[in-house]
Structure formats: structure tokens, C-alpha cells
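Below: one structure, written as C-alpha cells.
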Amino acid sequence: MSTNSAVNAYQKHFQYHLLDVWRLVACLVIMWGHKYHLGIESDSPFSNSWVYVEFFFIISGYFTYAHFIRCKEKKINVHPVAYTIKKFSFYMPYNFVTVFVKCLMSYLCEGGGNRLTRFFTAVLESLLVTRGDGNNGVIWYLQAMFVIFPLFCLAIKEIRRDVCFIFAWLIVILYGNYSGWKGYYLFPVHLLRALAGLSLGVIVFVISSELGKLRLTTCGKYIMTLIEEGALVLAFLMNDFNRGTPEILVFLYTIGLIATFSNQTYTSTVKIKFSNFLKEMSFFMYLVQFVVADGLYMFTKGLSHTMLLLLYFVGTALISVMFLIYEKCIRKKLERGLSVLFTFAGDSSELPS
């Protein structure tokens with residue numbers, strides 16, 4: 001099979017509907033941790049909210065490794081770079097909109113000379129993903145993934161499964177001892193952070209796959225369900241009450257996700273009709289939050305912290321719904337219309353007489 005066909009040969013996974021709920025919870029907690037963009041620096045719950053980024057890294061590592069394993073089994077050749085471009089090309093149009101608006105707001109509010117030059121430079125650097133700062137969490141995330149993700153894909157494609165598992169453990173141990181689990185977003189440590197999170201996804205896949213082969217009794221499945229939800233809920237509560245180190249929280253995420261992906265829990269069969277909506281909302285809200293927060297900080301003065309937070313969460317949700325409506329209802333129709341237009345332009349024989 002050709003590389004292009006292989007890139008599109010996504011395999012069907014179990015739909016973990018409850019996991020999509022946890023995705024949205026994770027996104028909301030991350031948003032809470034980013035309230036300093038609003039100028040709110042007071043002590044509050046979820047001081048380790050950034051650890052939920054690791055939650056997303058683990059999930060991404062799991063599904064990527066699962067995809068390459070299935071492609072190996074079916075003898076489908078997947079090019080790591082092509083797969084990376086395919087996976088993240090969806091982000092880029094929306095990333096362009098948020099980057100442009102964010103830079104435009106800075107341009108309108110900043111003083112001094114060369115404002116226009118600074119504006120275009122900031123837009124260009126952000127779109128080329130060369131600005132790995134903390135002012136836009138999407139940029140450092142994409143920067144890390146564009147560098148690390150194709151290398152990660154190449155490794156899991158070429159290296160045997162048992163060796164991958166050993167290397168994944170080694171990477172996690174080295175990162176934990178080198179820097180510890182911290183919310184780094186600066187070059188080059190954020191590259192190691194992304195690699196360690198993705199490697200945990202490999203560990204989750206291998207262990208959960210082995211657990212999935214077991215014939216558990218009803219009691220055993222109840223125990224696995226308790227482990228799954230207990231670990232994820234405990235991580236949430238420990239974060240809420242500012243208890244526990246980031247290492248403990250990452251450990252709890254890993255345990256919870258191993259139980260989830262083993263398909264040995266009763267929650268793995270729970271069906272939620274709007275789960276896909278929750279998953280897509282979590283993506284758009286993570287993307288939009290920085291623009292909303294910076295806009296509120298720049299253009300609103302004298303509002304209470306409560307009102308700022310309310311506008312922050314509600315505004316992010318509303319803009320995310322608008323993006324989602326565009327994606328579902330407008331974008332595909334627009335692309336089909338442009339495709340027809342370019343077809344007519346390229347072949348006059350197809351034009352109506």
C-alpha cells in the first residue's frame with residue numbers, strides 16, 4: 001500500500017466515552033491554571049493544573065503506538081513525517097486564527113516604534129512554531145510535537161515491541177531523574193517532556209494489552225473499574241486540594257489509563273451520546289483559551305476576579321462552539337465547493353453548456 005493510503009488507514013479503536021469526559025475535565029483544569037493570563041495570581045486550588053498536559057501526552061502516545069502496531073500487523077507502511085503532517089494539519093488553520101488575533105491584540109495595545117514589524121514578526125514566528133514561550137501553550141506544544149513526534153513515530157515503527165517498551169521505561173526514568181515532572185515549556189526541556197509523556201503512552205499500551213488478555217470475573221472487573229476511576233478521581237482531588245507531587249499525579253493518570261484501555265472495566269462500555277462533542281470541545285477550548293484570556297486582560301479594566309473568570313470560561317466555550325459549527329457545518333461544504341470550482345477551472349469540458 002502507498003504511503004498516502006497508509007496515512008489515511010486509521011484503525012478503529014474502542015470508543016472510551018467516559019475518557020472524553022475526562023478530556024474535558026482536564027482541559028478545564030488546565031484553563032484554571034492559566035488564569036494568570038487574566039492577571040489573577042492569588043493562591044488557589046489546582047496549583048499543579050499543568051500536569052493534565054501530561055494526561056494528554058499519555059493518551060496521544062497510546063493511540064499513536066496502537067496505530068503503528070496495527071499497521072505493522074497489516075503490513076501497512078506508514079511514513080512518520082507524513083503521519084505527523086496528517087495528524088497535526090487539522091490544528092493549523094485554527095492555530096493561524098488564534099495566533100493572528102493574539103498578535104493583533106498585542107499590536108493594538110503596545111506602544112513604541114516598529115509596532116507593525118513586531119506584529120508580523122510575532123505572527124511569522126508563531127506560525128513557524130519557533131516561539132517556544134509560555135504566552136501561548138499551543139505554540140510550545142506544537143513545537144515539541146513537530147520535533148519529537150516524527151522521531152517517536154520512527155522509533156515505534158522500526159524498533160521491536162519489547163525493545164520499545166524497555167526504551168520507554170528508560171526515557172521516563174531519565175526524564176524524571178534529570179528534571180523531575182515539571183511544567184517546562186522552554187526549549188529544549190519541553191522536548192524531553194513531550195517524549196516522556198508519549199513514552200508513558202507506550203507503557204500504558206503494552207501493560208493494558210496484557211491485562212486485556214485476562215479472563216476476569218465480575219468481581220475482578222469491579223476491582224479494575226474501582227482502580228480506574230479511583231486513580232483518576234484521586235488525582236483530580238489531590239490537584240484540587242494542592243496535595244501530592246506531580247510525580248504522584250502522573251503515576252495516578254498512568255494507572256487509571258492502563259485500567260481504562262485494558263477494556264476490563266465496566267466504565268469502558270458506558271455510552272455517552274455527546275462524548276465526541278466533549279472531546280472536540282476540549283481541543284478547541286485549549287486552543288482558544290489564551291486569546292480569550294489575553295483579550296480580557298488587555299481590554300477590560302476594573303472587573304472582579306469572579307467576573308473575569310466567568311467571562312473567560314464562557315467566552316472560551318462560546319468561541320469553541322463557533323469553531324465547531326464551522327468545522328462540522330461549513331468547512332466541508334466550502335471545501336467541496338472549492339473542489340468543484342477548481343475542477344471546472346482546470347477542465348472546460350466539464351463546464352455546463
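What you see below is based on every heavy atom in this structure, not just the backbone, and it leaves out hydrogens, waters and symmetry mates.
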Do you know the tightest heavy-atom contact between [X] and [Y]?
{"X": "Phe55", "Y": "Leu19", "value": "CZ-CD1, 3.9 Å"}
{"X": "Ile156", "Y": "Cys164", "value": "CA-SG, 3.7 Å"}
{"X": "Ile272", "Y": "Leu18", "value": "CD1-CD1, 4.1 Å"}
{"X": "Met145", "Y": "Pro150", "value": "O-CD, 3.4 Å"}

[X] side chain to [Y] main-chain N or O, any donor-acceptor pair under 3.5 Å?
{"X": "Gln289", "Y": "Thr316", "result": "no"}
{"X": "Thr98", "Y": "Asn95", "result": "yes"}
{"X": "Ser262", "Y": "Ala259", "result": "yes"}
{"X": "Asn239", "Y": "Ala235", "result": "no"}
{"X": "Ser282", "Y": "Leu24", "result": "no"}
{"X": "Lys157", "Y": "Val78", "result": "yes"}

Any chance you could lay out the side-chain contact (heavy atoms from CB on, under 4.5 Å) test for Asn48 and Leu249, step after step, and finish with the verdict?
CA-CA 9 Å; Asn48 286 322; Leu249 297 176; 4.0 Å; yes
[X], [atom1] atom: more than 12 neighbouring heavy atoms under 6.0 Å:
{"X": "Tyr94", "atom1": "OH", "result": "yes"}
{"X": "Phe88", "atom1": "CZ", "result": "yes"}
{"X": "Tyr326", "atom1": "OH", "result": "yes"}
{"X": "Met298", "atom1": "CE", "result": "yes"}

Any side-chain donor-acceptor pair under 3.5 Å between Asn263 and Tyr16?
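Per modelled atom types, Asn263 and Tyr16 side chains form a pair under 3.5 Å.
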Modelled atom types, side-chain donor and acceptor of Thr306 and Ser304, under 3.5 Å:
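Distance-only check fails for Thr306 and Ser304.
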Could you check whether [Y] and [X] have their ring centres less than 6.0 Å apart?
{"X": "Tyr312", "Y": "His34", "answer": "no"}
{"X": "Tyr62", "Y": "Phe261", "answer": "yes"}
{"X": "Tyr286", "Y": "Phe56", "answer": "no"}

Measure from NZ or CZ of Lys301 to the centre of the six-membered ring of Tyr297, then state whether that distance is under 6.0 Å and the direction lies within 45° of the axis.
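Pair Lys301/Tyr297 counts as cation-pi.
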Membership question, hydrophobic clusters at under 4.5 Å side-chain separation (ILVMFWY): are Trp22 and Phe274 in the same one?
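Same cluster.
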Is the ring pair Tyr65/Phe205 parallel, tilted or perpendicular, if the boundaries are 30 and 60 degrees?
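Taking Phe205 first and then Tyr65, their aromatic rings stand perpendicular (interplane angle over 60°).
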Worked check of side-chain contact (heavy atoms from CB on, under 4.5 Å) between Cys153 and Lys87
CA-CA 12 Å; Cys153 292; Lys87 185 177 180 67; over 6 Å; no
Could you tell me whether Glu73 and Arg70 have a side-chain N and a carboxylate O separated by less than 4.0 Å?
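A salt bridge is absent here (no side-chain N lies under 4.0 Å from a carboxylate O).
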